[in-house]
Each structure stands twice: as structure tokens, then as C-alpha cells.
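For ligands, and for the atoms within them, numbers begin at 1 and follow the listed sequence.
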Amino acid sequence: MAGRLQNKIAVVTGGASGIGEGIVRRFCAEGATVLVADVDETSGAAVAVECGAEFVRLDVSSEQAWSALAEKVRADYGHLDVMINNAGIVSNADIMTVDVATWNQLLSINLTGMMLGCQTAIALMRENPAGSQGSIVNTASSTSYLAIPDVAYTTSKAGVVGLTKSVAVTCANAGLQIRCNSIHPGATLTNILKTAIAQAPEVEAACNQMSPLGRMGTVEEVAAMALFLASDESGFCTGGQFPVEGGTVSQHPTM
Ligand SMILES: NC(=O)c1ccc[n+]([C@@H]2O[C@H](COP(=O)([O-])OP(=O)(O)OC[C@H]3O[C@@H](n4cnc5c(N)ncnc54)[C@H](O)[C@@H]3O)[C@@H](O)[C@H]2O)c1
């Protein structure tokens, strides 16, 4: 049986670990040709070999790196069907402590990197010989709506909502069949979080309590949403915000 992403060419940034790795695994299982794009060459290459994907070193904050990736996709595949802009970092600095270097570094990856990913994707999706088409999925967060002390992270994830909507309506109004949506994970049980819980067990209860469902999400659950948005099944979805957070932002914090 054909997979849900059969014959699709997909790039997944931050695909070397966590949510991105989960997306790479699911997309490969669904028949996509996947490029794992990450700064972590060791983990990225290992994930790619295991899944039958290809690893490409990409620093999402670098315009030159995006140009090189576009040239590679053009030369090897001719066009792009799916872009998952997922790479992201945290800073742990609040408004009292953040310095400009920290702020700029985080935004250059979490927001400028996503803008460059959208630009690159649109250029490659327009080159599809079957006509311009494709799906861009940006990883935002429940932090797009609920602030945490990390001011640069909170700002970046709120920014992803505006970026996504602007890309979506601009493409649609230009007559391009290129969709753009954001996904909003809540606390998700990645390997990094598992390590944090092993070191400080109280972190687990705190993360579980964020959601009315009383648990964290899994990378597989986030990947399932990314799959829906990447596939043709979501053909009428663009400019949308898709939560995968067990009701976290629906719940008043005192209830
Ligand atoms: N884990 C969660 O609970 C959670 C919740 C909401 C949103 N998110 C978002 O999900 C995305 C993935 O997070 P994760 O938890 O899987 O983290 P992670 O640290 O496991 O994965 C992030 C990946 O991004 C890569 N990366 C970092 N800087 C990069 C750069 N400049 N260029 C290319 N790749 C780079 C890292 O090497 C890593 O492989 C992020 O955007 C994050 O903000 C995570």
C-alpha cells in the first residue's frame, strides 16, 4: 500500500533529534524522500542512515547554507513538496537578564531561520513541473500563546504565528498552491526532557500538569499532525495553527 507521502520530497530542519527526528521517521515510513537538515552532523547522519533518509548539514540561520540546500534539492530532485521548519533552541534568559547577543542568536535560529526556510521552500515549490504546489509546516509551541520567562523563546514562538499567516495568505493571493501552517506542541517527551527528568524527577509532574489530559505529548503525536499537514489530506488548510498539547492552552491555570 502506498504511503501518505509517496513520491514527496521533504526537508526536515532540526531532524537530528526530538520532534524533528520523530517527523523524519514517520515521513520515511509514509514513503517520502526525506532530507534531514541539521547542524548536528553525528546524530543527523545516524538518523538518516537508520531511516533511509539523506543528511544535509544546514545552519538555518545562514542565508548561504539555505542557498546551498536549494541548489542541492534542485540538482538532485528538481523541486520540493514539503518543508518542515522545526529547528529551534531555548535560552533560559528572562527580560531582566537577557543580553542582545543571546536575544539575536535565538531569534536568528527560531524566527529568521524559519523565514529563510519559507523563502527557500516557496522558490523550490514554484519549480514543480506539475505546477506550483507544496506544504510548509512551522513548529511553533503552546508558548506562542502562554508566556514563559524565556523572553526570546516566547517572542520567537509568537512570531511564528504571524510569519505563518503572512506566508499563507501571500502564497494564496499570488495564486500559488503552496500552503503554510504552524503546529503547536505542548510539553513533549523528547530524549532531552527524559534526561532532564532523570536528573530532576519533579520536572515530570510539572510537565504532566500542564495539560488537562495529565501527561506530556509524544514525538509520534506531533509527527502525526505534521504528517496530516504535509500530506494532500490537508489541502484546504492554510494559515492555521494546529495544537498538539492536550488542551494546555484551553485550561485556565487556576482550575
Ligand atoms: N520538546 C518540547 O516540549 C517542545 C514543545 C513545543 C515546541 N517545541 C519546538 O519543537 C522544535 C524541536 O524541539 P525539540 O524539543 O525536538 O528539540 P531538540 O533539541 O531535540 O531538537 C532540535 C534540533 O534542532 C537542531 N538545531 C539547533 N540549532 C540549529 C540550527 N541553527 N540549524 C539547524 N538545526 C539546528 C538541533 O541540533 C536539534 O537536532 C523546536 O522548534 C522547539 O521549540 C518543542
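Taking the charged nitrogens against the carboxylate oxygens, R57 and D40 have no contact shorter than 4.0 Å, which rules out a salt bridge.
Residue S141 has no nitrogen or oxygen atom sitting less than 3.5 Å from a nitrogen or oxygen atom of ligand 1, judged on distance alone. Close N/O approach between M114 and ligand 1 is not found [any backbone or side-chain N/O within under 3.5 Å].
In summary, the atoms of ligand 1 found under 4.0 Å from a heavy atom of D59, numbered by their order in the structure, are 30 (C), 31 (N), 32 (N).
Looking only at protein heavy atoms, the nearest one to atom 11 (C) of ligand 1 is N86 O, 3.2 Å. Scanning all protein heavy atoms for the shortest distance to atom 8 (N) of ligand 1 gives Y153 OH, 3.7 Å. In terms of protein heavy-atom proximity, atom 22 (C) of ligand 1 is nearest to G88 O, 3.9 Å. Looking only at protein heavy atoms, the nearest one to atom 28 (N) of ligand 1 is I89 CG2, 3.8 Å.
For G44, the closest heavy-atom approach to ligand 1 does not fall below 4.0 Å. A heavy-atom separation below 4.0 Å is found between G186 and ligand 1. A heavy-atom separation below 4.0 Å is found between K157 and ligand 1.
With rounding to the nearest 0.5 Å, the separation of CG in L35 from NZ in K72 is 6.0 Å. Rounded to the nearest 0.5 angstrom, I178 CD1 and I122 CD1 are separated by 6.0 Å.
Both the backbone and the side chain of P185 come within 4.0 Å of ligand 1, judged by heavy-atom distances. Neither the backbone nor the side chain of H184 comes within contact range of ligand 1; no heavy atom lies under 4.0 Å.
Note that atom 17 (O) of ligand 1 has no protein non-hydrogen atoms nearby, at separations under 4.0 angstrom.
When L106, T13, I19 are ranked by how near their heavy atoms come to atom 14 (P) of ligand 1, first place goes to I19.
A 4.5 Å side-chain heavy-atom check between K194 and N191 finds at least one atom pair inside the cut-off.
Using modelled atom types and a 3.5 Å distance limit, the side chains of N85 and T13 yield no donor-acceptor pair.
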